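Remember, it's a predicted structure, so these values are computed and weren't measured experimentally. Indexing begins at 1, ligand by ligand and atom by atom, following the structure's order.
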Amino acid sequence: MRKIFIAGNWKMNLLKSSATALVQQLMDSLKGISNVDVAVCPPSVYLGDLAATLRGSAIGLGAQNVYSKPDGAYTGELSCAMLQDVGCQYVILGHSERRAIFGETDALVNEKLKAVLAAGLTPIVCIGETLEEREAGRTTDVVRGQCRGSLAGLTEEQMKKTVLAYEPVWAIGTGKTATPAQAEEVHADIRALLSTLFSPSTAEHVIIQYGGSVKADNALELLGQPNIDGALVGGASLKSDSFTAIVQAAAAIKK
Ligand code: PEP
C-alpha cells in the first residue's frame, strides 16, 4: 500500500515573509489530514527558518537541489549534511529545469542520488520527455533511459526509499496537463521497468509522483490512477488555497 505523497516545488519564488506566511497557512489548513504525506520545497536560503516554523508539524521540508560532495571547494553548492543540519528531509533531484538550464545529466543525478541516500535524506528524482520527444514517439525510450541512468547501481533497499516524479516537460508551468490516461501509461511503464531492474516487490513499493500543471480541478482524476502515487506541484503550490485543495483531493482518494 503506497501512501499518497504531495510535494510543492516553490522554485525561485517568494521571500522570507511570504514563505513563512504560506507555511503557517498550510499548517493550519492541512491540520487533521494524516493519510497523505506532504512536503514543501522552498528556496534553500529559507530552509532553516521554515524548519523552525514547521517544528512539530506533519509537513515535511525539502530542498530543490544538492551537490554530491561532502564538503570542499565547490563555490555556490550545498552538501547533504548542510541540508540535514537545517532540518531538511527531502531533496528534489534532476528537475527538468536543472537538466535544461544547468546541464544536469543522468550521471550527475545518479551521483547526487547516491549521496542523498547515503545521508538518509529522501530523494525525489524527476524524469520526463520534451514535447519534441513525445511527438517523435520516443516517450518510453527517453523516460526508461533517464530511469536507467539516474537509478544505476542502487540496491533494492535504496530504490524503495527513492521517490520518482514523472514530469513531462511540455506540461511543466504550461497549463497543459497530461491526461490521466497519458500519465498512467508512463507511470505503469516506469513501474514495469523497476520490476525488471530491481524486483516486482521493490517496484510495488516505489512512490511515483506525477508533475505538470497539477491543479485542484485535475488532481482527483490524476491521483485516482492506479500507478500515480502523488504529485510534484509547481505553480499551484505557491498559494495556500490551491495547494490545500490538491492535498484534500488526495486525502479523499481510496485506492
Ligand atoms: C514542477 O516544477 O515540478 C511543476 C510540475 O510545475 P507546475 O506544477 O507549475 O507545472
Taking only non-hydrogen atoms of Ser213, do any sit less than 4.0 angstrom from ligand 1? yes
With a 4.0 Å cut-off, would you call Glu132 and Arg138 a salt bridge? no
Do Tyr74 and Val66 share a hydrophobic cluster (ILVMFWY, side-chain heavy atoms under 4.5 Å, transitive)? no
Counting heavy atoms not belonging to Gln84, are there more than 12 under 6.0 Å from its CD? yes
Taking only non-hydrogen atoms of Lys215, do any sit less than 4.0 angstrom from ligand 1? no
Specify side chain, backbone, both or neither for Ile172, according to which of its non-hydrogen atoms lie closer than 4.0 Å to ligand 1. both
For atom 9 (O) of ligand 1, what is the closest protein heavy atom, and at what distance to 0.1 Å? Gly235 N, 2.8 Å
Identify whether Tyr90 and Val116 are in the same connected component of the hydrophobic contact network (ILVMFWY, side-chain heavy atoms under 4.5 Å). no
Which ligand 1 atoms are under 4.0 Å away from a heavy-atom of Asn9? 1 (C), 2 (O), 3 (O)
Those atoms of ligand 1 less than 4.0 Å from some heavy atom in Gly173: 7 (P), 9 (O), 10 (O)
Does Lys69 pair with Glu77 as a salt bridge, N-O distance under 4.0 Å? no
So His187 and Tyr166, would you call those rings parallel, tilted or perpendicular, with 30° and 60° as cut-offs? perpendicular
Closest non-hydrogen protein atom to atom 1 (C) of ligand 1, residue and atom name please, with distance? His95 NE2, 3.2 Å
Is the closest basic N to carboxylate O distance between Arg148 and Asp141 below 4.0 Å? no
Pick whichever of Lys11, Glu167, Gln209 has a heavy atom sitting closest to atom 5 (C) of ligand 1. Glu167
I'd like to check whether Val233 has a polar contact with ligand 1, where a contact means an N/O of the residue lying under 3.5 Å from an N/O of the ligand. no
Can you tell me if Ala171 contacts ligand 1 (heavy atom of the residue under 4.0 Å from the ligand)? yes
Option set Ser96, Ser237, Gly234, criterion heavy-atom distance to atom 7 (P) of ligand 1, minimum: Gly234
Gly212 heavy atoms within 4.0 Å reach ligand 1 at atoms 5 (C), 10 (O)
Sidechain-backbone polar pair: Gln158 side chain, Lys114 backbone, donor-acceptor under 3.5 Å: no
